[in-house]
Amino acid sequence: MFDALTDRFEGIFTRLRGKGRLSEGDVDEVLREIRLALLEADVSFTVVRGFVARVREATVGLELSGALNPAQQVIDIVHQELIATLGGETLRITYASKPPTVVLMAGLQGSGKTTASAKLARWFKGQGRNPLLVGADLQRPAAIEQLRTLGRQVDVPVVSRDDAIGGEGGDPVEVAENAIAEARRLGRDVVIVDTAGRLSIDQELMEQVRQIAQVTEPQYTFLVVDAMTGQDAVTTAENFHQALELDGVILTKLDGDARGGAALSVKEVVGRPIAFASNGEKVADFDLFHPDRLAGRILG
Ligand code: GDP
């Protein structure tokens with residue numbers, strides 16, 4: 001994960017540790033190298049600028065030539081800044097006071113949305129909840145079948161248009177609305193709605209998901225984004241957030257050779273944190289996103 005970035009930091013910090021005393025020039029050089037490393041990792045330019053400025057500010061007060069290890073102090077500052085850039089805190093999920101708690105899943109086709117819906121259902125089960133998966137992605141013919149297969153894997157029921165809740169025309173908004181009543185009937189306290197994937201930001205589908213949000217009143221609206229798409233992932237998230245109030249992002253494919261740009265840019269650019277992360281194809285490769293752990297891994 002983010003191997004190139006980790007290698008760069010390792011190199012920068014090894015040189016820094018080798019210096020003993022630090023001059024202001026040394027700090028400038030480190031900041032220049034960090035700036036380059038982040039840009040190469042495809043981190044958004046504004047995020048990089050802010051990152052470097054904050055690290056610089058924090059180093060100003062340091063006793064660079066003092067007795068305490070100045071290199072380690074700089075490294076600690078960078079570490080803290082990385083955690084903050086990744087969102088700082090791990091999300092604490094809260095549940096609707098009147099069940100079910102609804103979670104809306106949106107995303108581009110291929111982002112891993114359907115898989116993430118099932119993984120999230122499994123995660124909620126692990127929290128002692130009783131989730132229900134709703135197939136409201138009626139755009140892609142195979143999506144419902146895929147969700148049913150995944151539902152069996154994680155042992156969570158799936159409802160969709162070919163069930164009783166389908167209504168007359170199998171309209172996704174109607175399916176989602178009926179699914180809430182169905183969840184109450186079945187005693188399911190979390191409802192995860194897999195909405196239509198799309199190839200690009202599509203106004204018609206955006207309107208559809210907005211209507212689904214209106215009738216289901218989700219506690220959380222998550223956008224699933226593929227970490228491998230770097231800056232594009234962030235642009236997608238910005239556009240979705242403008243059309244649909246997002247609560248967070250689910251970042252997928254962290255097991256691939258993503259450079260880190262998406263993970264390190266989302267929070268600042270979109271203003272919404274990474275809620276969950278997926279790092280593999282298996283249903284268990286999924287958890288809440290922990291900024292501190294990822295920062296630790298990046299710094300090796
Ligand atoms: P959707 O079109 O957004 O619903 O995407 P899918 O859920 O069908 O996922 C697209 C592909 O990405 C599938 O082959 C998934 O197995 C794969 N995938 C999803 N999440 C991950 C992940 O975290 N890591 C890896 N390696 N593959 C993933």
Side-chain angles (χ1 to χ4, degrees), residues 1-3 86 91 103-124 126 131 133-154 156 158-161 172 175-176 179 191-202 204-206 208-209 212 220-230 232-237 239-241 243-244 246 248-264 266 274-291 293-294 297:
M1 199 191 291
F2 310 164
D3 293 345
L86 289 165
L91 186 70
V103 181
L104 214 56
M105 304 285 278
L108 297 182
Q109 248 180 50
S111 60
K113 178 176 56 63
T114 303
T115 320
S117 299
K119 288 173 170 176
L120 186 60
R122 182 182 176 278
W123 183 87
F124 276 117
L133 282 160
V134 183
D137 180 356
L138 308 183
Q139 215 64 22
R140 189 162 59 95
I144 305 297
E145 218 23 69
Q146 187 193 355
L147 190 64
R148 288 197 192 280
T149 305
L150 287 162
R152 279 191 291 274
Q153 262 182 49
V154 298
V156 171
V158 176
V159 292
S160 188
R161 96 174 130 189
V175 165
V191 173
I192 300 165
V193 185
D194 184 19
T195 68
R198 56 209 81 203
L199 293 171
S200 60
I201 305 291
D202 169 324
E204 202 178 315
L205 287 179
M206 203 60 94
Q208 183 188 91
V209 73
I212 293 179
Y220 291 102
T221 300
F222 290 137
L223 179 72
V224 180
V225 297
D226 177 343
M228 310 261 279
T229 60
D232 284 349
V234 180
T235 311
T236 304
N239 290 332
F240 265 92
H241 188 46
L244 186 76
L246 295 178
V249 162
I250 296 181
L251 199 59
T252 64
K253 309 190 193 180
L254 281 168
D255 53 313
D257 54 5
R259 284 184 284 166
L264 281 157
V266 160
I274 299 168
F276 288 88
S278 166
N279 60 349
E281 291 194 72
K282 292 205 256 340
V283 288
D285 299 329
F286 185 88
D287 199 0
L288 280 168
F289 181 66
H290 297 282
R293 288 187 205 164
L294 184 54
R297 283 189 64 155

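Both counts, for ligands and for their atoms, begin at 1 and track the order of listing. All residue numbers in this chain count up from 1 along the given sequence.
At least one heavy atom of L108 sits closer than 4.0 Å to an atom of ligand 1. Remark: distances from the non-hydrogen atoms of G110 to ligand 1 include one below 4.0 Å.
When only interatomic distances are considered, the shortest N/O to N/O separation between A116 and ligand 1 does not fall below 3.5 Å. Geometrically, ligand 1 and S278 share a nitrogen or oxygen pair separated by less than 3.5 Å.
Between the side chains of S278 and K253, not a single donor N or O lies within less than 3.5 Å of an accepting N or O.
Heavy atoms of D285 found under 4.0 angstrom from ligand 1: none, in either backbone or side chain. Residue-level proximity to ligand 1 for N279 is carried by the backbone, the only part with a heavy atom below 4.0 angstrom. When non-hydrogen atoms are compared, ligand 1 lies under 4.0 Å from the side chain of D255 (C-beta onward) but not from its backbone.
One distance of note links NZ of K113 with CG of L147; it measures 8.5 Å at 0.5 Å rounding. Taking CG of L251 as the start and OG of S111 as the end, the distance is 10.5 Å to the nearest 0.5 Å.
In plain terms, the two heavy atoms of F222 and L246 that are nearest each other are C-CD2, 4.5 Å. Nearest heavy atom pair, residue A106 against residue T195, reads CA-OG1, 3.6 Å.
What sits closest to atom 27 (N) of ligand 1 on the protein, heavy atoms only, is E281 CG, 3.2 Å.
Judged by distance alone, with hydrogens and angles left aside, the side-chain atoms of R259 form no donor-acceptor pair with the main-chain N or O of G230 at under 3.5 Å.
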